[in-house]
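Here is how names work: the chains are called A, B, and so on, in the same order as the sequence lines, proteins then strands, and each is numbered from 1.
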Protein chains: 2
Amino acid sequence: MKIDPNSTADLSAQIAKAIRDAIVSGALIVDARLPSEAELAEQFEVSRPTVREALKRLAAQSLIRTQRGAFGGAFVNRLSYEEAYGQQITTSTLLLSMNSVGFETACEARFALERACAPLSAERRSADHLATMRAEIHRQSQPGLTDEAFCASDVAFHRALVDGACNPVLSYQLAGAVEAMQPLMNMITFTARSRDAIVELHTGIADAVEAHDGPRAVAGLASLEAHTQDLARTVITARARSHDG
Amino acid sequence: MKIDPNSTADLSAQIAKAIRDAIVSGALIVDARLPSEAELAEQFEVSRPTVREALKRLAAQSLIRTQRGAFGGAFVNRLSYEEAYGQQITTSTLLLSMNSVGFETACEARFALERACAPLSAERRSADHLATMRAEIHRQSQPGLTDEAFCASDVAFHRALVDGACNPVLSYQLAGAVEAMQPLMNMITFTARSRDAIVELHTGIADAVEAHDGPRAVAGLASLEAHTQDLARTVITARARSHDG
DNA sequence: CCAACCTTAATGTCAGACCTTTAAATGTCT
DNA sequence: AGACATTTAAAGGTCTGACATTAAGGTTGG
């Protein structure tokens, strides 16, 4: 683990990279303890604040955790699915909001990925997954729900569908695609009629999953995508007209 | 932007969270300049090193960039696809390697997602995407290629396939799934015969994409998944036997 | 034998200083 | 007047040294 003093990059960035590489390559295994900050400072020939900045960078990526007190220190962190979900969602959300990704593009990606899960979910879903889907459908059909609550329930429904595939890697990948769409979906005002249509489509998907009918679930998702795209187009058109006037 | 002095969490973590929330919520827009480190220290009533640690956390997530010199400072960063890819790949790779995700699970997720892209890619791929796929196939059929180079070419082939869908969000999501598999694939020793089989399957997929035949591309990917799973099972069985003996 | 205390090794935080970079402002020459 | 060189100030990057806080482990007294 050495650094290049001639590089233009920050020392803390270089040190973080050196340690990160050691972790990713497997040289530092899970729960291994790094040298203390003072020792790292000596090894890299920098001061302790610089080492600390490097460690904070790694902590931000959940690569390490720190513990105070005697026999404390920085330890290589086992990246949990929870943490990975969180990072995935944050990154995806920012990517969508900052790069003016069109609703159409994001929506297409989301449903394409979700359709990939549907056959697996239809095959393997537990009664629990199905119950969650039904519960969310019920919530969505209640009157007086705010648009945001409706969207949140929509996300919960789709997460249950994805989780039904019983593949944590798939759930992780989809978390970003589904959750990051929520801010975009929140721009849509759902009329009572469009809510009814969505609830109906959700019900069809849940029925298909219950019947272990993968193809029908895929078809249901395709219909839902078409409906969602229609809805968005309507909202965008209306907004454009009001701007013109 | 206020912090809770009674919290058990690090001050730098709290400050990072406060600023991150401001960015994600849109209160701080792209290219907005944060107050200087000294000003932030005053606002949050902490010292400059603490502020710096918070800023490094954000820099690690590519949420901000810093610039030295007069009129420099920390600016909200537009998250580029490149940076997002990188983070996605790092996180996915660690998630797979640290949680002893089975090859089977990861492989299933990867191909499920990739099949979701195939129809779109068959529809929209440019001549360039197709040329990349053909070039990688050619590289894969050359003798004397190391297993690692073969795997790298395999990844390049699949990325071209995914990019063919012309949906950057999809490419971003798939980057993690495809690249993170590489370390797992590297555990497999490819015999000449299995390489031939893979090249043949790749050729079939490329042919389907060239013919704008989505369903055939999906079928090709399914065959490739089955073959890859077979290969892995063989390797794992052989390894288990040698451990017993 | 167990509980309260102390020691100690870490991280967390602070204050102040100095170095380096950078762009804007100023000055000078043609 | 305009182009080029110089100065300057603002801001991040780094260092030093110190103190506060925490928690594990040993020690001591009941």
Any heavy-atom pair between the side chains of [Y] and [X] that's under 4.5 Å?
{"X": "B:Gln43", "Y": "B:Pro35", "answer": "yes"}
{"X": "A:Met185", "Y": "A:Phe190", "answer": "yes"}
{"X": "A:Ser92", "Y": "A:Glu179", "answer": "no"}
{"X": "B:Leu96", "Y": "B:Pro183", "answer": "no"}
{"X": "A:Tyr81", "Y": "B:Val101", "answer": "yes"}
{"X": "B:Leu170", "Y": "A:Leu113", "answer": "yes"}

Quiz item: Reading DNA chain C 5' to 3', which nucleotide is the first, and which the last, to come under 4.0 Å of any heavy atom in chain A?
Solution: C:dT8 to C:dT13

Give me the distances for all protein-to-nucleotides 22-28 of chain D N/O pairs that come in under 3.5 Å?
| unit_1 | atom_1 | unit_2 | atom_2 | d |
| --- | --- | --- | --- | --- |
| D:dT22 | O2 | A:Gly69 | N | 3.2 |

Quiz prompt | Any donor-acceptor N/O pair, B:Asn77 side chain to B:Ser62 backbone, under 3.5 Å | solution = yes

Exercise. May I ask you to decide if A:Ala59's main-chain N or O and A:Arg65's side chain share a donor-acceptor pair within less than 3.5 Å?
Key: no

Practice problem: Could you check A:Arg52, A:Lys56, A:Arg68 and say which one makes a salt bridge (Lys or Arg N to Asp or Glu O under 4.0 Å) with B:Asp10? | Solution: A:Lys56

Quiz item: For A:Glu42, does the CD atom sit with more than 12 other heavy atoms under 6.0 Å from it, leaving out its own atoms?
Solution: no

Quiz prompt | Those residues that, when tested against B:Glu136, pass side chain to side chain donor-acceptor pair (under 3.5 Å) (two or more places apart) | solution = B:Arg139, B:Ser153

Self-check item: Contacts of A:Arg110 that satisfy side chain to side chain donor-acceptor pair (under 3.5 Å) - sequence neighbours left out
Solution: A:Glu114, A:His158

Quiz item: In residues 50-65 of chain B, which residues come under 4.0 Å of DNA chain D by heavy atom?
Solution: B:Arg52, B:Lys56

Considering only nitrogen or oxygen atoms on both sides, find all protein atoms under 3.5 Å from nucleotides 17-19 of chain D and state each distance.
| unit_1 | atom_1 | unit_2 | atom_2 | d |
| --- | --- | --- | --- | --- |
| D:dA18 | N6 | A:Arg48 | NH2 | 3.4 |

Quiz item: A:Asp10 CG to D:dG12 P: how many Å, rounded?
Solution: 12 Å

